[in-house]
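For clarity, every value in this text was computed on a predicted model and none was experimentally measured.
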Amino acid sequence: MDINKLAESLHPLERKILPHLKEKITDKELEKKSRLQYIEVSRALQWLENKGIIKIKQELKEVISLDKNGERYLKHNLPEKAFLETIKNNPLSLNEIETKAKLDKQELNISVGLLKKHAYIEFKEGKLSITQKGKEFLKDDSEIKFLKSLPLEVSKVDKKILKELSERKEIIKTDTEKTKVIELTDLGEKITKVKLDENLMESVTQDMLKDSSWKDKKFRRYDIKLPVPKIYPGKRHFVNQVNEYTKRIWLDLGFKEMTGPLLNTSFWNFDALFTAQDHPVREMQDTFFIKNPRYGTLPDKKLVNNVKKVHEGNSDIDSLGWQYSWDENEAKRNVLRTHTTVLSAKTLNSLKKEDLPLKFFAVGKCFRNETLDWSHLFEFNQTEGIVIDKNANFRNLLGYLKQFFRKMGYEKARFRPAYFPYTEFSIEIDIFDTQRQRWIELGGAGILRPEVVVPLLGEDVPVLAWGPGVDRIMTAVYKLKDVRELYKNDLKQLREIKIWMK
Amino acid sequence: MTMIKVSKRELVKLIGKSLDDETLKDRISMIGTDLEHVQDDEVSVEIFPNRPDMLSCQGLARALSSFIGVKTGLRNYKIQKSNKQLLVDKSIKDIRPYTACAIIKNLKLNDEKLKEIIDIQEKLHIGIGRNRKKVAIGIYPSEVISYPIRFEALAPEKIRFKPLESNIEMSAKDILEKHPKGKEYAHLLEGKEKYPIFIDSKNKILSMPPIINSNDTGKVTESTKEIFIECSGFSFESCKITLNILVTMFADLGGEIYSMDLIYPDKTYESPDLTPRKMKLDVNYINKLTGLNLSETEIKELLEKMGFGYENKKVLVPAYRLDILHQIDLAEEVAIAYGYENFIEEIPNVSTIGEESPLEIFKKKIVYLLTGLDLIETNTYHLTNLNDHNEKMDNKTEVVEIQETKSSEYSVLRSWMIPSLLKVLSENRHNSYPQNIFEIGTTFKLNKETETGVEESQRLAVLLCDAKTDFTHIKQILDVIFLNLDLEYSIEEAEHNSFIPGRVGRVSVKGKNIAYIGEIHPKVLSNFGLENPVAALEINITELFKLI
């Protein structure tokens, strides 16, 4: 970058620091010299380093500082000095010295040894007295000065005193300390020679705009590469983003939306869908039945009677039925819908034959009595579709499904024979996940059986129907390993997760 | 669905043509069973409940063999007469009214085959037998039985025999109370004054269905050459089909089928009866539904690939198939034989107009408004528990309860949204603030006027949570919503335990209460472990929508 442009980009904090950088300096020293707060110094250093103006080296330094005893001696004098103080004028016995100098036994012994070795004291008639040499030693306060000067770098202290004191117990200690050493780069050298424009403007202000004073001024240049603090948008939950898109596809294909309650009588959820009353799906371990209110009411008698007849196998339809005695009470049991197909049943029952052909869809939650784990949820999303058309056929069913999955981003879909009580043909839908190179099973589709259609609609018209789950697409697209993450509502995840791109 | 595991060697031998693993996998998937895996010699397949005839290795092989064209058309099984009798006593009528029976001779059993027999019996019990309630199966060594056999009901105190895996004679009562199988199935005889038994002409009890066989006369071993099979239950049709599935399996296993005279008080049958059911063939219907243009001959050939016969314009349905109820079932068989992979997909040129639900459109508009205010949408479960929903909120509301749930944490349906969203906040304490969230969800409350006795409403909850959040912030949100809907609201002070007194209001539009707004009470916050204030509002969107 042009050196002048670079100079213009310097932040006021950087400007304050720059003059102090002519020689190698540490961050701590810089803090003192610049009179800035440490946090401001380190931010400015960070910016200068980003611009290539300085080099920051982490250095480890040996620093001498006071240890436990050192701190005490700095306050109360060294023990040998305190010893000498007591006999400065009159000789005293060892016991007297001990009490007067307030020394413990160990300190007393060390002091005696040290003072004797240098002949600072002499022993006469059971008492100790100070020698001339001792008097000079007492006047010498270089050790205390040394202690006062700490902490200091090893290189900056008197080696002789350092040696003496370090041999004694816990007076001084040596630590290694991390320091930042700042040095100008070549670019830095150049920039210190540039005359900095003192009149650079920081912000656009209202006054400036009123009086046009900006006209003869320059604004400080920003380092636009610097990261900025994060903000987050308001956002739809990602599961709902997918559901919204799913709806869009069906709307684009000319389907009308069906909505309805999550809680229904078994009549709509099972019986109207030709699911025999002793079918395992109607057992408590698979389905959420309701404790209160346990029973609902049945729709009009004619419909109920027609449903009863197809189950028992004596309706007008040429079908064997399930051949058992159908129980009205069982049909009244309330249940959380196990599939969105309950909406299709209700819709079929509300149509007029002269309005056909018609197409309907739904996207919604369904329930099954499961223990939550990484691959099971007790609430799941299904997308339902029905096409009621006297000319509809199996190839159309495959056509609609292929088109839907193509719009979801899956070019490859395969259909295998399956079984559901209310459809015949019944198919299982798999789509191919090209990223993970594997098939994903999504659930079922088929053509509704006449035993379902005739009682509800009053006529045997082909009804194509499907209800694949979409949760597995969501976990695949969002790369979730655990399905529970769909409804974890972790705000960090919700704020940062990629938006649905379709 | 029932998982079966069969030996690949055995399966391929029975199919009668060697197949590589890939072909085998593909054909199993496309015949209408769900392949789990083929590993070494093990083939693992899930069988759908409509095809109990495929639960044995023999049944699966029979279907596959036709499907790949090795042996197509209706299988003929030879039945010889045994001239032996089973007498159904009238006493059984209200106890366990039906049975069907057969004898199989010249069996060569070994340990492996015995295991297979027990296995298929168990699987049929669970599926078509509905845990022995609808159909129960008994298989006995015929050599130790003195014919004729009687099927009758006796008072429990008159029944004594050694149940399977027991060396002592037990009373019916003891069997139901002490024997493991007795305890497991005792509920099926609950409240009956008499219990059903099969008993031979020397008055040896063979079994007490649907509970257990006798250890003396009801235990098949490797040395058994001849067996007596009965299926008893509450549907004659189901008993007969179950029996047919078994006898055809035994025939494929090398046995010979012998029929018996099955003598009911009013009618005598020859059992088993493997006469195929005849159905008319509607070529037009099949072509119309499949979207194909098949000739009668082509359809005949396709049906033969599925093991059906065709004679004099009638389809012959194998006697072991229970899933052919209607012409549409034949259409599906034709389609499976044709191969789902061979259909050319087509979207018909039919014009219909797409239409979104107006309430759903309204909900979406509200969502856009709120995301525009930097609020994050959450997505919580409808199921919750009384502790989170009532106790922690210090607020008793009547809730809809689930009858049986695998997790007590999810045992009731929510009646309002704020508890669910407070739980979200309580689980996000480690994340950065502000935490401003919302959700529109379904809520449930008791209402006798509806079909189910439960009324569902869509409710919007908005929760603001930050160090300085207060009533002003949440009221600003309320204002934004109503300003943008061009609606006037009025607000009255209200009482609600979950909110701080004097800082909670009820909002009404056109005289109808539709919302609560306020600052959440500190004791509620601490119940949820929250360390920041929360201001919240909850609007009944279903009601609001009606007022626009």
Requested in this report: Could you look at B:E404 and say if it's the side chain, the backbone, both or neither that has a heavy atom under 4.5 Å from chain A?
Outcome: both
Requested in this report: Answer yes or no: are there more than 12 heavy-atom neighbours, outside A:R248 itself, under 6.0 Å from its atom CZ?
Outcome: no
Query raised in the report: Checking A:E428 against chain B: side chain, backbone, both or neither under 4.5 Å from a heavy atom?
Result: neither
**Report entry** Toward chain B, the part of A:D355 with a non-hydrogen atom under 4.5 Å
**Finding:** neither
Query raised in the report: What part of A:F289 is in contact with chain B, defined as an atom under 4.5 angstrom from a non-hydrogen atom: side chain, backbone, both or neither?
Result: both
Report task. Decide, yes or no, whether a salt bridge links B:K363 with B:E360 under the criterion of side-chain N to carboxylate O below 4.0 Å. Result -> yes
Query raised in the report: Residues of residues 261-268 of chain A under 4.5 Å from chain B (heavy atom pairs)?
Result: A:P261, A:L262, A:L263, A:N264, A:T265, A:W268
Query raised in the report: With respect to chain B, which residue among A:F360, A:Y400, A:F415 yields the maximal number of heavy-atom pairs within a distance under 4.5 Å?
Result: A:Y400
Report task. Kindly write out the residues that satisfy salt bridge (Lys or Arg N to Asp or Glu O under 4.0 Å) with A:K412, not counting sequence neighbours, or none if the list is empty. Result -> none
Query raised in the report: Stepwise, does the ring pair (Phe, Tyr, Trp, His ring centres under 6.0 Å) test hold for A:F378 with A:F367?
Result: CA-CA 5 Å; A:F378 54 79; A:F367 300 80; 7.7 Å; no
**Report entry** Toward chain B, the part of A:L372 with a non-hydrogen atom under 4.5 Å
**Finding:** side chain
**Report entry** Choice from A:Q285, A:K488, A:R414, A:K332 maximising heavy atom contacts with chain B below 4.5 Å
**Finding:** A:Q285
**Report entry** Top contributor to chain B interface from A:G296, A:P280, A:G254 [non-hydrogen pairs under 4.5 Å]
**Finding:** A:G254
Report task. Determine, for B:K240 against B:E237, whether the closest basic-nitrogen to carboxylate-oxygen distance falls under 4.0 angstrom. Result -> yes
Query - Contact origin within A:N334 toward chain B - heavy atom pairs under 4.5 Å - result: side chain
Query - Which of A:L336, A:L358, A:I317, A:L377 touches chain B most, by non-hydrogen pairs under 4.5 Å - result: A:L336
Query - Backbone of A:V363 reached by a side-chain donor or acceptor of A:E257 within 3.5 Å - result: no
Query - Part of A:K365 lying under 4.5 Å from any heavy atom of chain B - result: side chain
Query - Contact class of A:T259 relative to chain B, heavy atoms under 4.5 angstrom - result: side chain
Query raised in the report: Do the side chains of B:L322 and B:I128 get nearer than 4.5 Å, heavy atoms only?
Result: yes
**Report entry** N-O pairing of B:K364 and B:E356 below 4.0 Å
**Finding:** yes
Query raised in the report: Got a salt bridge between B:E346 and A:K402, using NZ or NE/NH1/NH2 to carboxylate O under 4.0 Å?
Result: no
Query raised in the report: Taking NZ, NE, NH1 and NH2 as the nitrogens, is one of them in A:K492 or A:E496 under 4.0 Å from a carboxylate oxygen of the other?
Result: yes
Query raised in the report: Are B:K133 and A:D278 ion-paired here, with the side-chain N under 4.0 Å from a carboxylate O?
Result: no
**Report entry** Portion of A:E424 that has a non-hydrogen atom of chain B nearer than 4.5 angstrom
**Finding:** both
Requested in this report: Could you look at A:P233 and say if it's the side chain, the backbone, both or neither that has a heavy atom under 4.5 Å from chain B?
Outcome: backbone
Query - Residue B:K25 excluded, over 12 heavy atoms near NZ under 6.0 Å - result: yes
Query raised in the report: Quick one: what part of A:F361 sits under 4.5 Å from any heavy atom of chain B, side chain, backbone, both or neither?
Result: side chain
Query raised in the report: B:R132 side chain to B:G129 main-chain N or O, any donor-acceptor pair under 3.5 Å?
Result: no
Query raised in the report: Considering only heavy atoms, which portion of A:L448 lies under 4.5 Å from any heavy atom of chain B: side chain, backbone, both, or neither?
Result: backbone
Query raised in the report: When you look at A:F394 and A:F425, which way does the ring pair (Phe, Tyr, Trp, His ring centres under 6.0 Å) test go after all the steps?
Result: CA-CA 8 Å; A:F394 187 58; A:F425 318 43; 4.6 Å; yes
Query - Side chain / backbone / both / neither for B:I126 at chain A, heavy atoms under 4.5 Å - result: neither
Query - Options A:T371, A:N240, A:V239, ranked by heavy-atom pairs under 4.5 Å with chain B, top entry - result: A:N240
